[in-house]
Amino acid sequence: MSEFGNPASLWPVLPAQEQLEPQRWVWAAMDPADRRTRLRELAVWVDWLRSAFELHNNIPQCWYRHPAVVEHLTALYVGWLRTYAGEQAAGRDLAEADWISVLHNFTPRLQLAACAGGRHQEPPAPVSLSLGTSEALEVYLVTAEALTREAVHPAAAELARRAAEPDAPFQAP
């Protein structure tokens, strides 16, 4: 797998004494036994979700064989846990309604036309980076104006004015 295919390979490596445990639901950071355990946990919840929200036609039975669908369902599950099983955060009086709204927004992402008839079809093979792509990226990183121009804060003049006159009120341009 290329370094771009594994999000965990992009994380900074901390010195040994500062290593943090990976987050519980970052699939790429879990060891295989953890992945199997968590996928079983997610499967129980997905079965409940399909029934409770009548999503039988929206979430294919083979959802667990589609990484993008697994990621979406994971996000929904973790959000559901925080909403329904976590502490109620201040200002989140409509957290449950918000979660249901998110569910409905995610629903189109859970549908797979290829598997809609109940027969699983493997997802298309990922397109690997063509030869030369990483070199092209490196050239872009050192030559693109957006990445090489001097840093200038858009509100530099206002910041300079405030530094010179700390008690002066904000002035709109």
Side-chain angles (χ1 to χ4, degrees), residues 1-14 19-141 144 146-147:
M1 180 180 284
S2 75
E3 67 180 301
F4 296 105
N6 181 359
S9 70
L10 302 175
W11 298 333
V13 177
L14 300 173
Q19 285 287 337
L20 301 175
E21 289 296 316
Q23 294 297 311
R24 180 174 176 192
W25 289 97
V26 178
W27 292 102
M30 293 179 202
D31 64 52
D34 253 355
R35 278 188 222 130
R36 288 188 292 274
T37 299
R38 299 293 173 233
L39 194 58
R40 285 184 189 103
E41 179 181 341
L42 182 63
V44 169
W45 182 79
V46 170
D47 284 345
W48 169 83
L49 180 73
R50 291 176 83 224
S51 175
F53 288 90
E54 299 180 1
L55 296 172
H56 300 92
N57 295 325
N58 301 94
I59 302 173
Q61 292 180 358
C62 59
W63 62 267
Y64 54 88
R65 297 180 73 175
H66 298 274
V69 175
V70 169
E71 290 293 342
H72 284 86
L73 287 168
T74 300
L76 285 167
Y77 178 51
V78 172
W80 181 86
L81 285 172
R82 289 181 186 138
T83 301
Y84 289 94
E87 292 295 318
Q88 185 70 31
R92 298 277 299 145
D93 296 335
L94 295 175
E96 292 82 1
D98 289 343
W99 184 87
I100 291 169
S101 179
V102 169
L103 169 64
H104 291 300
N105 287 331
F106 270 51
T107 300
R109 303 275 184 227
L110 305 174
Q111 298 169 337
L112 300 168
C115 300
R119 284 185 61 188
H120 171 70
Q121 286 192 357
E122 285 297 320
V127 178
S128 60
L129 295 175
S130 39
L131 293 175
T133 301
S134 59
E135 291 85 5
L137 174 63
E138 291 303 319
V139 169
Y140 178 79
L141 291 173
L147 300 174

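- The local environment of CD in E41 is crowded, with over 12 non-hydrogen atoms from other residues, nucleotides or ligands closer than 6.0 Å.
- Listed by chain and residue number, nothing satisfies the side-chain hydrogen bond (donor to acceptor under 3.5 Å, both in side chains) test with D47 (two or more places apart in sequence, or in another chain).
- Screening residues 100-116 for side-chain hydrogen bond (donor to acceptor under 3.5 Å, both in side chains) gives no qualifying pairs among residues at least two apart or on separate chains.
- Minimum heavy-atom separation, N58 to P60: O-CD, 3.7 Å.
- For the atom pair CG (L49) and CH2 (W63), the distance works out to 10.0 Å, reported to the nearest 0.5 Å.
- Looking at residues two or more places apart in sequence or on another chain, you find a side-chain contact (heavy atoms from CB on, under 4.5 Å) between T74 and W25, W27, L42, V70, V78.
- One N or O on the side chain of W99 and one on the backbone of L76 form a donor-acceptor pair closer than 3.5 Å.
- Judged as a side-chain hydrogen bond (donor to acceptor under 3.5 Å, both in side chains), and not counting sequence neighbours, E138 has no contacts.
- Nearest heavy-atom pair, C115 versus H66, reported as atom, atom and distance to 0.1 Å: SG-NE2, 3.5 Å.
- Residues F53 and I100 are in side-chain contact: their nearest non-hydrogen atoms beyond the backbone lie under 4.5 Å apart.
- Scanning both residues, Q121 and A114, for their nearest heavy atoms gives OE1-CB, 3.4 Å.
- Counting only residues at least two apart or in different chains, salt bridge (charged side-chain N to carboxylate O under 4.0 Å, His left out) contacts with residues 56-85 comprise R65-E122.
- Residues that satisfy the side-chain contact (heavy atoms from CB on, under 4.5 Å) test with A144, not counting sequence neighbours, are Y140, L147.
- The minimum heavy-atom distance between H120 and C62, with the atom names listed, is ND1-SG, 3.2 Å.
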